K.L.:
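Dumping the structure here so I can ask a few things about it.
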Amino acid sequence: QVQLVESGGGSVQTGGSLRLSCAASGLKYNFDSRFMGWFRQAPGKEREGVAAIVTDGSTRYADSVKGRFTISKDNAKNTLYLQMNNLKPEDTAMYYCAARDVLWGAYASALTSNFYNYWGQGTQVTVSS
């Protein structure tokens, strides 16, 4: 079955950095040509899209993280990454990795949660001021 396992979360101070990883297994199509994304959810708030890689390898970012976060993947390792720099207290949330089960879809939907079929268990990121 499909498994997405996140790691790399933790507690940092404002301005710090973290790199999240998401190890994927069981996906039925090539890892290098699928939609994958990072989402986050803070207590009392809705889940929001943070960054995504679409099938042509291009990336999408939420305005709140542009210039600070970078999404990437290692196709040989079936692993998705999220490099987070200059972290702010408002970045505090549970971060989730997501994968879409088909290779087609509207790029404009890549940061919406219902675009994805598979989810990891999440990794907590806490940024203190």
Side-chain angles (χ1 to χ4, degrees):
Q1 73 273 21
V2 175
Q3 282 194 315
L4 302 175
V5 181
E6 302 98 333
S7 60
S11 296
V12 296
Q13 293 187 328
T14 296
S17 297
L18 286 172
R19 189 175 82 152
L20 306 184
S21 299
C22 171
S25 61
L27 293 169
K28 61 183 176 181
Y29 299 117
N30 290 341
F31 185 79
D32 61 349
S33 56
R34 61 173 55 249
F35 293 92
M36 296 202 67
W38 285 100
F39 289 74
R40 66 186 181 188
Q41 188 167 18
K45 294 188 176 181
E46 292 187 357
R47 187 170 297 189
E48 63 169 342
V50 174
I53 288 185
V54 298
T55 53
D56 68 357
S58 60
T59 57
R60 303 289 187 272
Y61 295 96
D63 289 343
S64 59
V65 306
K66 281 180 182 176
R68 300 188 298 122
F69 290 12
T70 303
I71 189 172
S72 63
K73 58 181 179 174
D74 184 331
N75 295 324
K77 295 182 178 179
N78 280 8
T79 300
L80 182 73
Y81 301 101
L82 184 68
Q83 177 67 44
M84 305 186 295
N85 298 328
N86 191 21
L87 283 160
K88 305 175 181 180
E90 52 264 42
D91 295 319
T92 295
M94 185 72 77
Y95 282 71
Y96 298 91
C97 170
R100 183 168 168 83
D101 67 348
V102 294
L103 303 183
W104 50 266
Y107 287 9
S109 300
L111 289 178
T112 57
S113 58
N114 62 8
F115 188 69
Y116 295 90
N117 308 93
Y118 304 113
W119 295 85
Q121 82 290 349
T123 186
Q124 178 68 38
V125 171
T126 302
V127 185
S128 58
S129 57

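Computed from a predicted structure; not experimentally measured.
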K.L.:
Residues sharing V5's hydrophobic cluster, by side-chain heavy-atom contacts under 4.5 Å among ILVMFWY, directly or via others?
P.N.:
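None; V5 is a cluster of one.
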K.L.:
If we check ring pair (Phe, Tyr, Trp, His ring centres under 6.0 Å) with Y116, which of these qualifies: F35, F39, Y96?
P.N.:
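Looking at F35, F39, Y96, the match for Y116 under the ring pair (Phe, Tyr, Trp, His ring centres under 6.0 Å) is F39.
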K.L.:
Please enumerate all residues that pass ring-ring contact (aromatic ring centres under 6.0 Å, His included) together with Y118, with sequence neighbours excluded.
P.N.:
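Y118 satisfies ring-ring contact (aromatic ring centres under 6.0 Å, His included) with no other residue.
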K.L.:
Is the backbone of A52 close enough, under 3.5 Å, to the side chain of T59 for a donor and an acceptor to pair up by distance?
P.N.:
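The answer is no, because no donor-acceptor pair under 3.5 Å joins these two groups.
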K.L.:
State, to 0.1 Å, how close S129 and P89 come at their nearest heavy-atom pair, and which atoms those are.
P.N.:
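So the two residues come closest at CB-CG, 4.0 Å.
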K.L.:
Return the minimal non-hydrogen interatomic distance between Y107 and S58, and the atom names on each side.
P.N.:
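Heavy-atom minimum between the residues: CE2-OG, 4.5 Å.
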K.L.:
How far apart are the closest heavy atoms of M36 and A99, and which atoms are they?
P.N.:
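Scanning both residues completely, I find the closest heavy atoms to be CE-CB, 3.9 Å.
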K.L.:
Please answer whether the main-chain N or O of D101 pairs with a side-chain N or O of N117 as donor and acceptor at a distance below 3.5 Å.
P.N.:
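Yes, the answer is positive, given that a donor and an acceptor are paired below the 3.5 Å cut-off.
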K.L.:
What disulfide bond (SG atoms under 2.5 Å apart) pairs are there with at least one residue in residues 84-129, not counting sequence neighbours?
P.N.:
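For residues 84-129, and leaving out neighbouring residues, the disulfide bond (SG atoms under 2.5 Å apart) pairs sorted by first residue read C22-C97.
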K.L.:
Is a side-chain N or O of R34 found less than 3.5 angstrom from the main chain of R100, in a donor-acceptor match?
P.N.:
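Confirmed, R34 side chain pairs with R100 backbone.
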K.L.:
Check for me, please, whether V12 and V65 land in the same ILVMFWY cluster - side-chain distances under 4.5 Å, paths through other members count.
P.N.:
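Yes; tracing contacts between hydrophobic side chains, which count when under 4.5 Å, links both residues.
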K.L.:
Please list, chain by chain and in numerical order, all residues satisfying side chain to side chain contact (heavy atoms under 4.5 Å, CB included) with D91, sequence neighbours excluded.
P.N.:
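Side chain to side chain contact (heavy atoms under 4.5 Å, CB included) check on D91 returns R40, R68, F69, L87, K88, Y95, V127.
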K.L.:
In Å and rounded to the nearest 0.5 Å, what is the CE to NZ distance from M94 to K45?
P.N.:
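Answer for the CE-NZ pair, M94 versus K45, is 15.5 Å.
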K.L.:
For K66, enumerate each residue passing the salt bridge (charged side-chain N to carboxylate O under 4.0 Å, His left out) test, keeping only those at least two apart in sequence or located in another chain.
P.N.:
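Scan of K66 (salt bridge (charged side-chain N to carboxylate O under 4.0 Å, His left out), adjacent residues dropped) gives D63.
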K.L.:
Taking the side chain as every heavy atom from C-beta outward, state whether Q124 and T92 have any atom pair closer than 4.5 Å.
P.N.:
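Yes, side chains in contact.
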K.L.:
Over all heavy atoms of both residues, which pair between L20 and V125 is shortest? Give the atoms and the distance, please.
P.N.:
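Scanning both residues completely, I find the closest heavy atoms to be CD2-CG2, 4.0 Å.
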K.L.:
State whether the number of non-hydrogen atoms from other residues, nucleotides or ligands found under 6.0 Å of E90 atom CD is greater than 12.
P.N.:
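Result for CD/E90: enclosed.
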K.L.:
How far apart are the closest heavy atoms of L103 and T55, and which atoms are they?
P.N.:
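It is O-CG2, 3.3 Å.
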K.L.:
Holding to side chain to side chain contact (heavy atoms under 4.5 Å, CB included), I want the full list of residues that pass it with S17, two or more places apart in sequence or in another chain.
P.N.:
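Counting only residues at least two positions away or on another chain, S17 forms a side chain to side chain contact (heavy atoms under 4.5 Å, CB included) with Q83, N85.
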K.L.:
How close do V54 and A110 get, heavy atom to heavy atom, and via which atoms?
P.N.:
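Taking V54 first and A110 second, the nearest heavy atoms are CG1-CB, 3.7 Å.
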K.L.:
Got a donor-acceptor contact below 3.5 angstrom from the Y61 side chain to the G67 backbone?
P.N.:
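Such a contact is absent between Y61 side chain and G67 backbone.
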K.L.:
Quick check against the 3.5 Å criterion: does W119 have a side-chain atom that pairs as donor or acceptor with the backbone of L4?
P.N.:
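Here the side-chain-to-backbone pair does not exist.
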